[in-house]
Amino acid sequence: MLAELRGLNEECGVFGIWGHEDAAQISYYGLHALQHRGQEGAGIVTKDSKGLHVHKGEGLVNEVFSGDEINSLTGNAAIGQVRYSSENGRGIENVQPLVFRSTTGSLSVAHNGNIVNAAELREHLERQGSIFQTNSDTEVLAHLIKRSNGTPRQRDRVKKALSMLRGAFAFVILTEDGLLIAQDPNGLRPLSLGKMGDAWVVASETCAFDIIGAQSVRSVEPGELIIINDQGLHSERFAPAADSAMCSMEYVYFARPDSDIDGINIHSARKRCGKRLAREVQIEADVVTGVPDSSISAAIGFSEESGIPYELGLIKSRYVGRTFIQPSQELREQGVKMKLSPVRQVVNGKRVVMVDDSIVRGTTSKRIVKMLKEAGATEVHVVIASPPLVSPCFYGVDISTDSELIATNRSIEEIRELIEADSLTFLSPEGMLESIGRPDKTKNCGQCLACFTGDYPTEIYADTVMPHEKETVR
Ligand code: AMP
Ligand code: SF4
């Protein structure tokens, strides 16, 4: 039994390109489009005939590449990452892509997700003499690849290493001979393949393709290893596909509205969730407003279906980072205050429906209800375009510990009282699945619902180490 189920802090965005002379510049734009997936570190590694070249640092993409660094990254292939990390996962040594140089060939790796058996594998590798430089799971893969040096073909070594990992992982790996792309057997994190002229591109989200003028080709399949080199693209499996379990929170909160995941547009999915909510609850109100930015699509859907006009009731400052990046509860609360302001003229004297995409700790909802009432709203009805979050995520998404989640062990009425709303409604799990509308006939329409149900699609190890706890593993 896990003493305290911890949530994760490793949401990331990855990008890769093979076969373009401006590989570094294109990666820069691709990472910029993925910036919402992580704001604490960014890096790009390129490959030319001399080997691998790297530049990375802490901060936003345009801060890390603020000077001439991009021009020093020569070569026609690249991988990159934008990273979100907790306090303990910070530090330049953890910023990816990681580069491993060796006489048998250099290797660079970037990763999105969380490997649930990383601690076990790391201990095993350390007993065999591996010395780790970082706290990151990503390094485990590199050591596993090196360990299987007896296997002559590199792709077989990578396959063997990948087959030992459990959990959520979307990898981009750049070697001196090729770009390798891998997706975990459940396909928990999004990863799409695209084409830009003759070049191949890969990205966590398709919005990165739009900015560089690439066409989306398909999603990387669960358990698939794609090898791209000068001979073209070759697809293999390193594991049989398990039940597909794409992260529901990607549709609910993370992904950008202009991205498509497995052919489903995020804005449209969120709008359908909002429409469905309006059919699941009847509320007498004057205006509907959404919490910017991730809830606007659902709020528009709710308004369209209910006939209650949509209004801009809340404004978000463009210049404050996501509230979650602030480490303490106190700072988070200040962050919410700094970030959102009510539009008094819109809400004064009105019964307001406030749509948000999710409630995690309840901080945002509570503050917004208070803010709207202080601005003159006579009633505030909170509607949430996803079911209550009751369990932590072990697959790379920061939704905290189970004791911090407001909905764990509380009734809806108890939550309503805590956030001081006039009413509180969550979207039903069936409503969410049907509205997202994945055609999969597998369990939960091929979506992971673990944070809503506690039913995890993979084994969870008792010693699963979360990124923010990793310093203790060394
Ligand atoms: P909370 O204030 O703790 O209830 O957080 C809820 C707010 O955080 C909502 O407005 C969501 O848009 C946003 N949110 C949901 N999941 C996450 C996440 N994993 N990381 C950062 N923000 C999130
Ligand atoms: Fe996504 Fe929730 Fe599953 Fe984590 S537990 S992968 S946040 S759906």
Side-chain angles (χ1 to χ4, degrees), residues 5-12 36-39 84-86 112-114 116 167-170 184 186-190 244-255 261 270 290-299 314 316 321-326 329 331-333 335-337 339-340 354-369 382-402 404-408 415 418-419 421 424 426 429 432-433 436 444-458 460 464 466:
L5 294 170
R6 299 287 307 180
L8 297 184
N9 301 290
E10 227 172 345
E11 307 130 21
C12 298
H36 60 289
R37 300 186 69 87
Q39 297 97 33
Y84 173 98
S85 60
S86 66
N112 175 31
N114 192 58
V116 294
F169 50 88
D184 71 70
N186 296 96
L188 274 146
R189 307 251 67 88
S244 180
M246 172 56 67
C247 171
S248 295
M249 285 303 283
E250 292 282 352
Y251 290 105
V252 168
Y253 168 75
F254 272 123
I261 296 181
R270 289 181 187 158
V291 182
D293 297 316
S294 48
S295 308
I296 303 295
S297 308
L314 292 160
K316 180 180 172 183
R322 286 190 173 191
T323 48
F324 258 65
I325 292 164
Q326 323 281 358
Q329 178 74 4
L331 278 180
R332 260 196 304 277
E333 290 186 17
V336 173
K337 238 193 274 177
K339 229 168 119 171
L340 295 167
M354 191 278 269
V355 182
D356 202 355
D357 57 82
S358 54
I359 294 188
V360 183
R361 298 175 183 85
T363 320
T364 309
S365 298
K366 187 172 172 158
R367 291 214 62 90
I368 293 175
V369 170
V382 175
V383 299
I384 304 293
S386 62
L389 286 164
V390 294
S391 289
C393 174
F394 292 93
Y395 305 125
V397 174
D398 180 7
I399 47 169
S400 194
T401 65
D402 51 355
E404 284 170 337
L405 290 169
I406 196 172
T408 309
I415 306 169
L418 279 174
I419 64 169
L424 170 65
F426 288 90
M432 181 176 75
L433 291 179
I436 292 172
N444 299 329
C445 308
Q447 278 178 234
C448 173
L449 288 183
C451 48
F452 303 110
T453 60
D455 181 12
Y456 293 89
T458 73
I460 297 297
T464 295
M466 302 311 164

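The structure displayed is predicted, hence computed values, not measured ones. Counting convention: from 1, in listed order, for ligands and their atoms alike.
- Each of the following atoms of ligand 2 lies closer than 4.0 Å to a heavy atom of Ala450: 5 (S).
- Within the structure, the closest approach of Val291 to ligand 1 does not fall below 4.0 Å when heavy atoms are considered.
- Between Ser294 and His36, the closest side-chain pair of non-hydrogen atoms is not below 4.5 Å.
- Under a 4.0 Å criterion applied to the non-hydrogen atoms of Tyr395, ligand 2 contributes the atoms 6 (S).
- Set against the non-hydrogen atoms of Met249, the atoms of ligand 2 under 4.0 Å away are 7 (S).
- Those atoms of ligand 1 with a heavy atom of Ser294 less than 4.0 angstrom away are 12 (O).
- Inclusion of Cys247 in the first shell of atom 1 (Fe) of ligand 2 is supported: an N, O or S atom falls under 2.8 Å.
- Near Val397, meaning under 4.0 Å from one of its heavy atoms, ligand 1 places the atoms 19 (N).
- In this structure, Ser365 does not count as a contact residue of ligand 1, since none of its heavy atoms falls inside 4.0 Å of the ligand.
- Near Ile359, the atoms of ligand 1 lying under 4.0 angstrom from a non-hydrogen atom of the residue are 4 (O).
- Among all heavy-atom pairs drawn from Cys445 and Leu433, the shortest one is SG-CB, 4.1 Å.
- Taking every non-hydrogen atom of Phe254 and a distance limit under 4.0 Å, the qualifying atoms of ligand 1 come out as 19 (N).
- Shown in contact with Val360 at under 4.0 Å from a heavy atom are these atoms of ligand 1, numbered in order with element: 1 (P), 3 (O), 4 (O), 5 (O), 6 (C), 15 (C), 16 (N).
- For ligand 1, the atoms closer than 4.0 angstrom to any heavy atom of Thr363 are 1 (P), 2 (O), 3 (O), 4 (O).
- Those atoms of ligand 2 with a heavy atom of Val397 less than 4.0 angstrom away are 7 (S).
- Using a 4.5 Å heavy-atom threshold, the side chains of Leu405 and Val360 count as touching.
- Those atoms of ligand 1 with a heavy atom of Gly362 less than 4.0 angstrom away are 1 (P), 3 (O), 4 (O).
- Checked by distance only, ligand 1 and Met249 stay at 3.5 Å or farther apart across all their nitrogen or oxygen atoms.
- Residue contacts with ligand 1: Arg367 is excluded, as none of its non-hydrogen atoms falls under 4.0 Å.
- With a 4.0 Å cut-off on non-hydrogen atoms, Asp357 touches ligand 1 through its side chain and not its backbone.
- The two residues Asn114 and Phe394 have their closest heavy-atom pair at ND2-O, 3.2 Å.
- Contact check for Pro457 versus Tyr395: side-chain heavy atoms found under the 4.5 Å cut-off.
- When each of Ser358, Cys393, Cys448 is paired with Met249, the side-chain contact (heavy atoms from CB on, under 4.5 Å) condition holds for Ser358 and for no other.
- Applying the side chain to side chain contact (heavy atoms under 4.5 Å, CB included) rule to Ile296 yields the partners Pro292, Ile300, Tyr310; only residues at least two apart in sequence or on another chain are considered.
- For atom 2 (O) of ligand 1, the nearest non-hydrogen atom from the set Thr364, Asp356, Ile368, Ile384 comes from Thr364.
- No option in Val355, Val291, Ile419 other than Ile419 meets the side-chain contact (heavy atoms from CB on, under 4.5 Å) test with Val382.
- Looking at Phe452 and Val390, their side chains never come closer than 4.5 Å, going by heavy atoms from C-beta outward.
- Distances from atom 4 (Fe) of ligand 2 show that Cys448 has no N/O/S atom below 2.8 Å.
- Close contacts of ligand 2 with Cys451, meaning ligand atoms under 4.0 Å from a residue heavy atom, involve 2 (Fe), 5 (S), 7 (S), 8 (S).
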>> Would Asp293 and Lys316 count as a salt bridge (Lys or Arg N to Asp or Glu O under 4.0 Å) here? Give the steps.
In response: CA-CA 8 Å; Asp293 297 316; Lys316 180 180 172 183; 3.3 Å; yes
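- The shortest distance between side-chain heavy atoms of Tyr456 and Ser391 falls below 4.5 Å.
- Counting all heavy atoms, side chain and backbone alike, Ser248 lies closest to Gln447 at OG-NE2, 2.8 Å.
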